[in-house]
Every structure is written in C-alpha cells, then in structure tokens.
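Note that the structure is predicted; figures quoted are calculated from it, not measured. A note on names: the letters A, B, ... follow the listed sequences, proteins ahead of strands, and every chain is numbered from 1.
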Amino acid sequence: MTQQLELLGKTVAKVSDEQAKVGETLFRARCRTFGTPQPIPSTNRRIFGALAAVTTATALAAGIWIHVRSLTNATPPTVTYQISGNSPEAAASFFETKHHELEVRFSEGSVITVLPETGVRVLGTKPQGANLSIERGIVRCNITHRANADWTVKAGPFDIRVTGTRFEAQWMPTTSHFELTLEEGSVEVTGPQVSGSQRVVQGERFVVEVNRGEKSLVGLGLRQAPAAQVASAELPVAKHDTVVPVVRPATTDWSTLAKTGKYREALSIVDRLGFDVVLQRSDAATARLLADASRMGGRPNQAQQALLFLRDRLHVKSETAFVLGKISADQLNAPAQAYRWFDTYLREQPNGALREQALGRSLELSKYAPRHRLLANAREYLTAFPSGAHAPLARKTLAQTTDAP
Amino acid sequence: MLIDDAGVAHAEIVPLPAKRTDAELVGGLRRRLPWAQQLLFERYGAFVERTVRRVLGTDYHVDLADVIHDVFIEAFSSAHTLKNAEAISGWIRSVATHTACNTIRRRKSRAWLRFFAPDELPEPPQSTSTDAKEAHDRTYRLLSLMPVDERVAFVLRFIEGMELREVAEACRVSLATIKRRIARAERSFLAEAKSDPVLVLWLEKGDRWSQ
C-alpha cells in the first residue's frame, strides 16, 4: 500500500507542477520581498495597515493644507498625469504591462512610455516634476526641459537624476541588470558599483550587472576611432554624434512565434526582454519551450541553460537529460559531457520513450564510457531492440569489448 | 577606451567578485547584506515555491507569493542560526515548511470567526478535469481534514517524495517521531480515502497510478 501511496503522490505532484505558475508567483514574491526597503511579515501587516491608514489620513490632511497654502501663495501647480487609452492600470499609481505598451502623459509635457512586461510606480509628483520607480522592465522617458525641472527615476537600487532629457532605463530585478541609454541630454546615476555618481550623456549606454559585479559605459554607434582617441581613456564619449536608435521590444508574444517554428524571431524578442528574466519567470512548459526555441534557433548554450533551469530549479527531469546529451553531442561538440547526460537519462528514465536512442547514442560515445557500462548498455540494447538501428554497433561493441584484455 | 570588431567603442569594464559560493552566501546573509538576500531568493526561490505549494496544496485562498515573502523574511532574520553553509538547502526547506504550517494553523484558528466559510467549500468540479486532477484535488481535500503536523509529514513523504531523514529535518523533529507521524498520517489517509468514490478506485487499481 505504501508503494501505491508513493505512486499517487507522484501523480498529485505532477498535477501540482502543471498547474503552478512558478514564474509569476516568484515575481510577485520578489517584488514584495525587495520592493520595499523594510519588508513587513504578513502577520504584522494588518497592524501596519491600520497605522498606515492613520498616517495616510494625517498626511492627506497635511497635503490638503499645504496644497491650499500653495494655491494662496500662487506657486506653480503640482504636475498631474494621465494614462493613455483608459487602460485598467489607470486606477492606481502602479502600472504593470504584459504584452502591450502604455503611455503616461504628464501635465507639463513629459511622456513616459512603459514597455511590455514592465512595472512602474509613480512615487510622487511636485511642481518641478515627479518621482518614478521602475520595479522591473523598460521605460522610455521623454522629460520636457524646463529651468527648474526636477525628476527622479529609481530603477531598483539605482537613482537617476534628470533635468530635461530623453532616455531609456531598464531594471531587471531577477538578474539585477541595470541599463540606461541616453538619446538626448545628460543624467546623473547613483547606485551599486557606482562610486559617487556616474554622469551619462547623449549617445552613451551605461550598464551595471549587479550580481556579476560588472559595469560598462559604452558610446553607441561610434565609428572606428582614430588611434589617438583610442589611447585616450579620458576622451568624452558625448562628442560622438551618431546615436543608434534604441530598439523597442516588440509587442508580439515570443512563445507564439516559437510554437509556430519562428525560433529566431522568438529569440530576438526574448533577447530584448532579457533571456534570464524570461527564464526566471518561466513555468515548466515555458522553460521547455524556451529550451526548444534556443536549440532549434542555433543557441545551444541558452538551450542548455533553460534545461538546467528545468532540472535544478523546477525539478523537472523527464527527457531533459536526453536533450542535454543531444545538445552536447551535436551542437557543443562535448562528447564526454554528452555521454554523461545520456547515461543520466538512462538512470532517471529506465523505461523512458527515448531509451533506444539514449542507449544507441551511448554506444556511439563508447570512448567515454566505463567498460562495465558499455557492456551493460550493449547487452541491454540487443535484448530490448534486437533489430534496432544501433544493433550492429551493439554487437560490434560486445565483440570488441569482450575480446579486449 | 576599447574598440571592438564592429567599431563600437567601449569604456572600461570593471570586473568585481563574480560567482558566490554557499559559504560566501551564508556569510553575507549573517551580515544582512542586500546582495546575499537577493542571491538567496535567486537560488532558492523556486525551491521554496515548490515546498510551500506542496504543503498548502489546493488552499487557493492563500496567496502563495505572500507566503514565499514570509519565508524569505524569516530566512533573512534567522540566517545567524545557520552554522553550516552546506546545510543551506535543508535549512531553507525547513523555514519554508514551518512558515507554510503556520499559515495553515493561522487560517484554521481564524475559521471560527466566519459564520459561513465559503473558502472551506470544495471547488466546483471542472468538466475538463482529468482523473489525475480529480485525484489531486481529492487528495488535498482529505489532507485538509488531518492535523497539520501529519498533513505536512504525509505531503513531504508521499507527494514530494522526500527521504525520512529529510522529512524529519524539514519538520524539525527526530527520525523516530517522523516515522510515527507518517505512519499515523498514512493510516488516517487510507481510512478516509476508502470512503472517497474516486480515490478508492486509485487505491484498488494500482495500475492506474502508473499513468
């Protein structure tokens, strides 16, 4: 009966895994855990909620008083904003897009374009500008230049101080990837890996990989620089006049393209969203689709990454070991590694649908197999598939191996 | 300044410490460093999600993301108790199990506050549900009737497929205790399952389980 319970358990686990939306759940959990400076455990949330309500009411009253005073003092009005197209996101100060873009238009003329798969929060507004926070994804900002303009755009742990400029900012919390591309004007950036502040000017892209501890400042669209310029590390990048336009992520769903066999187009969209980001947010089916698209689209390393994610993070084994073996053998030219994966598949799925192929491929890689495994595989192959495509090789292997000293 | 093959200029690329070991991660967690907390989430997020999901099962009225958040907050604050970096996965699983148990207990303790508890009603059957889906839902429905300790032990042993030692570690009890607890859970589950028209078929026809 215990054995039957274990089998029932496996069925229940399989259904649970199929129903789970791992990527989406983890994304929300991550936002809650790292989205606020002082995360509050849910047990205390009600108490804090009540306190927050009282505080908010007090702040609101104070805000109204200040607002009335500001009107009497004839100071400029606080900027307001509205969302294009009456989208559902308009109800709050937090905007989250899935497969579409949306525009936030501010009363003083600035426009923020929230690209697909992005979450943005308006932290506050004032007469001189607004404070925004990019919680994930990509935002294009076109800030109207005014003498006293004062905008702050937070992108994860980074702060971008803006007066009047056009730029695209990206923050991917799952990979801690920060990217800022200046199309016009200049900004100051502070944050991790930045000592003091980093000035980024028109035509530059500033990238920080927080997890990997790398940063780079790249001049975009720069033609071959003269030797003198190459030698001078202090040459201002902003002098270069050719700016490569920033490519907007396409709104098409990559998975739809992948399912219809348009792997390269699908992968180019994945690239714009960030391969790691897409992978981290994937459930088992999506990660598998990403692995297939990468494999068929000629990117074996990314396919391998997606398959390892399936195995290590989502604990999905099935035929992943076989596919990893196939990639190692056929695309990565790593036969020893390929043998290990085929062998893993045979151990994990002794009666799997790909057993014949896995045994056959293992025999092909006999050079990398221990003698006892080679003999066992050859015998197993001939017993189970006496007329199989690899049967002659199995016989030959047996003959050679048993003859050997 | 560097110029690549395509003629694009790159400013300096500054390499900083790259891949972190578990020992470095644990050291960072003890000092409450933000990168370590992010890395813990990165490495063990899916693992925690899966553990919590297994324990909570079809408790659709709990936001899984909330529970995962609680797990990591608890992990961040109790990281100083982790002595051995190699034990990090067992430790985080134990924190996840404990947090999920507390979630169930809290919900149960508040149940008396409701005159009518719609979230205790079984989910309406779906026309598209398969045998496996039905078995899944009914299994968790039976488990919800069991004491939390036994439910969790049963889930980790039979659904998550963990070894007895791992279950004991996750539940923070001795091996002998977990054996007794699993035996009790197994008896209770089988007794209830015999009166369930769907599960009884799965119990009697073992061959269906190999699907």
Can you give me the closest heavy-atom contact between B/Gly45 and A/Leu26, atom names plus distance? O-CD2, 3.4 Å
Whether B/Arg53 side chain and A/Ser16 backbone form a donor-acceptor pair below 3.5 Å: yes
Does B/Asp137 reach the side chain of A/Val15, with side-chain heavy atoms less than 4.5 Å apart? no
Contacting moiety of A/Pro192, where chain B heavy atoms sit under 4.5 Å: neither
With a 4.5 Å cut-off on heavy-atom pairs, point out which of B/Glu74, B/Gln37, B/Glu42 contacts chain A the most. B/Glu42
Could you state the interatomic distance from CG (B/Leu190) to CG (A/Leu5), rounded to the nearest 0.5 Å? 5.0 Å
Could you tell me which portion of A/Asp312 (side chain, backbone, both or neither) has an atom closer than 4.5 angstrom to a non-hydrogen atom of chain B? neither
For B/Arg43 and A/Arg313, the nearest pair of non-hydrogen atoms, with its separation, is O-NE, 3.6 Å
Quick one: does A/Val12's side chain get under 4.5 Å of B/Tyr140's, heavy atoms only? yes
Heavy-atom distance under 4.5 Å between the side chains of B/Phe47 and A/His315, does that happen here? yes
What is the distance from atom OG1 of A/Thr25 to atom CD1 of B/Ile68, rounded to the nearest 0.5 Å? 6.0 Å
At a heavy-atom separation under 4.5 Å, does B/Glu160 approach chain A through its side chain, its backbone, both, or neither? neither
Counting heavy-atom pairs under 4.5 angstrom with chain A, the leader among B/Phe72, B/Phe189, B/Phe41 is B/Phe41
For A/Gln304, what residues pass the side-chain hydrogen bond (donor to acceptor under 3.5 Å, both in side chains) criterion, not counting sequence neighbours? none
So what's closer than 4.5 Å to chain A heavy atoms on B/Phe154: side chain, backbone, both or neither? side chain
Do B/His136 and A/Lys14 come close enough that some side-chain heavy atom pair is under 4.5 Å? no
Step through the shown structure and confirm whether more than 12 heavy atoms of other residues, nucleotides or ligands are within 6.0 Å of CZ on B/Arg165. no
Minimum heavy-atom distance B/Ala132-A/Thr11, with the two atoms named: CB-CG2, 3.7 Å
Please check this pair: side chain of B/Arg50 against backbone of A/Asp17, looking for a donor-acceptor N/O pair closer than 3.5 Å. no
Inter- and intrachain pairs under salt bridge (charged side-chain N to carboxylate O under 4.0 Å, His left out), touching residues 189-199 of chain A, at least two apart: A/Glu188-A/Arg199
